[in-house]
Amino acid sequence: MKAFQGERQMEIKIVALPGDGIGPEVVGSALQVLEACRRRHGLRLEVQTLPVGGRALDEYGEPLPDHVLEACLESGVILLGAVGDPRFDENPPERRPENALLRLRRELGLFANLRPIRLSAALTDASPLKPEIVRGADLLFVRELTGGIYFGQPRGLEVRDSERVAFNTEVYAESEIRRIARVAFEAARLRRKRVHSVDKSNVLESSQLWRAVVIEVAAGYPDIELRHILVDNCAMQLIANPLQFDVLLTSNMFGDILSDEAAMLTGSIGMLPSASLGDSQGNRQPGLYEPVHGSAPDIAGTGKANPLATVQSLALLLRFSLGRDDLAAEVEGAVERVLQQGVRSADLAGGGGPAATTEEVTRAVLDALEQ
């Protein structure tokens with residue numbers, strides 16, 4: 001999926017959805033970085049901050065109010081913190097904070113989730129895996145985002161023969177598989193030209209169709225090496241030999257699980273950004289940008305949140321939705337310099353030294369941008 005190359009002086013309209021838990025803290029950090037980019041490069045910005053998830057439930061009685069959805073649809077460029085609040089765990093699915101995220105993906109047609117996993121050389125000692133296993137790890141998950149078991153029907157919880165029965169349905173149409181496969185092959189062309197397609201074709205019919213369609217799509221990309229791997233073996237290989245991977249093409253649920261596992265390659269899930277993209281619409285690339293981590297309500301307000309995943313998600317926003325590879329590279333370079341300086345948030349510090357607060361990490365990134 002290519003970044004939109006737009007006019008550099010166009011009006012940039014972004015919807016910020018801080019969300020729940022540590023979401024407001026990490027989005028606040030990213031918006032400070034965005035403001036620094038605006039000042040340095042004369043960007044014309046309009047940022048609208050709106051509630052979503054548990055905060056929207058408190059204020060409006062629903063996780064994604066209509067006016068918030070309308071603003072997101074109008075802008076098409078969204079920076080999200082995190083959703084999730086244990087106060088609403090007993091709510092029906094449509095009134096839980098997480099439903100806001102599922103609905104946003106569906107309504108904006110955000111079918112392609114990109115999750116880059118790259119270990120900074122400065123964080124080799126932060127990974128729980130041996131340095132010789134993880135050193136140089138650099139891979140990309142391309143996860144299908146609007147199909148599969150998270151959206152399939154029928155689904156439900158009911159009573160049968162006096163006992164509770166729950167059911168979900170894994171459904172994929174070949175058109176859904178074909179379009180996400182193209183994204184993976186196009187991404188591989190810009191990297192090391194290898195795609196691992198992850199499935200469970202020895203058991204699931206949905207995976208058998210997945211594999212067949214991926215093979216068909218691969219015929220149009222003779223320059224890309226295609227390998228198939230079963231999801232259970234992939235889970236093992238991510239830990240045993242992660243350097244074999246370049247682009248991993250996955251279904252919705254498999255990508256959700258495997259990319260969180262792969263976070264350990266980088267030392268912390270607090271380092272993982274993501275971009276959820278849809279088809280280009282005229283002169284823009286719709287996208288929702290968010291850290292992979294959750295709302296972490298247990299550390300909200302303590303200064304322990306790592307803002308770097310959200311800052312790097314902002315870099316993906318600059319690259320894919322605004323077509324500003326130059327600014328994205330500046331932000332990513334600033335993050336790398338901060339890590340090389342030894343600045344560590346609580347999730348990365350471990351027992352190796354003092355932990356920097358969210359504010360201190362953010363200030364270090366802002367200072368690095370000025371270098």
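Considering only heavy atoms from C-beta on, R55 comes within 4.5 Å of P24 through its side chain. Here the side chains of S321 and Y289 are in contact, with some heavy-atom distance below 4.5 Å. Residues E225 and D246 have side chains not in contact (no heavy-atom distance under 4.5 Å, counting atoms from C-beta outward). Here the side chains of V331 and C37 are in contact, with some heavy-atom distance below 4.5 Å. Within the 4.5 Å cutoff, the side chain of L114 has heavy atoms near those of the V142 side chain. For the pair R227/I229, no side-chain contact is recorded, criterion being any heavy-atom separation below 4.5 Å from C-beta on.
Closest approach of D20 to V52, counting heavy atoms only: OD1-O, 3.8 Å. When every heavy atom of P97 is checked against every heavy atom of G54, the shortest pair comes out as CB-N, 3.6 Å. Closest approach of E176 to G147, counting heavy atoms only: OE2-CA, 3.9 Å. Nearest heavy atoms, I22 versus H293: CD1-CE1, 3.6 Å. Between A328 and A315, the shortest heavy-atom distance links the atoms CB-O, 3.2 Å. Nearest heavy-atom pair across G278 and L110 is N-CD2, 3.6 Å.
Not a single donor-acceptor pair under 3.5 Å links the side chain of S295 to the backbone N or O of G21. E144 contributes a side-chain N or O that, together with a main-chain N or O of T146, makes up a donor-acceptor pair within less than 3.5 Å. Using a distance-only test at 3.5 Å, with no hydrogens or angles considered, no donor-acceptor pair links the side chain of S127 to the main chain of L123. Judged by distance alone, the side chain of Q312 and the main-chain N or O of M271 form a donor-acceptor pair under 3.5 Å.
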Intermediate values then yes/no, side-chain contact (heavy atoms from CB on, under 4.5 Å), L258 and L248 = CA-CA 10 Å; L258 292 173; L248 293 100; 5.6 Å; no

Starting from the C-alpha separation in whole Å, work towards a yes-or-no answer on side-chain contact (heavy atoms from CB on, under 4.5 Å) for C72 and L17.
-> CA-CA 9 Å; C72 292; L17 303 177; 4.0 Å; yes

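Taking CZ from F141 and CG from L272, the interatomic distance works out to 9.0 Å, rounded to the nearest 0.5 Å. Rounded to the nearest 0.5 Å, atoms OG1 (T310) and CG (L316) are 11.0 Å apart. The CG atom of L308 sits 9.5 Å away from the OG atom of S268 when rounded to the nearest 0.5 Å. Here I133 contributes atom CD1 and N241 contributes atom CG; the two are 8.5 Å apart, rounded to the nearest 0.5 Å. Here I299 contributes atom CD1 and D347 contributes atom CG; the two are 7.5 Å apart, rounded to the nearest 0.5 Å. Taken from CG in D138 to CD1 in I117, the straight-line distance is 10.0 Å, to the nearest 0.5 Å.
Between K200 and E170 there is no salt bridge, since none of the side-chain N atoms of the basic residue sits less than 4.0 Å from a carboxylate O of the acidic one. By the 4.0 Å N-to-carboxylate-O rule, R363 lies too far from E360 to be salt-bridged with it. Contact check on D260 versus R115 returns a salt bridge, with a Lys/Arg side-chain nitrogen under 4.0 Å from an Asp/Glu carboxylate oxygen. A salt bridge links R96 with D89: the distance from a Lys NZ or Arg NE/NH1/NH2 to an Asp or Glu carboxylate oxygen falls below 4.0 Å. Salt bridge status for E94 with R103: absent, with no side-chain N to carboxylate O gap under 4.0 Å. Using a cutoff of 4.0 Å between basic side-chain nitrogens and carboxylate oxygens, K193 and D223 are not scored as salt-bridged. A salt bridge is absent between E330 and R324: the closest approach of a Lys/Arg side-chain nitrogen to an acidic carboxylate oxygen does not fall below 4.0 angstrom.
Relative orientation of the F185 and Y221 rings is parallel, given thresholds of 30° and 60° on the angle between their planes.
Evaluation of the salt bridge (charged side-chain N to carboxylate O under 4.0 Å, His left out) rule for R179 yields no partner, not counting sequence neighbours. In this structure R155 satisfies the salt bridge (charged side-chain N to carboxylate O under 4.0 Å, His left out) test with no other residue, sequence neighbours excluded. Here F245 pairs with H196 under the ring-ring contact (aromatic ring centres under 6.0 Å, His included) rule; sequence neighbours left out.
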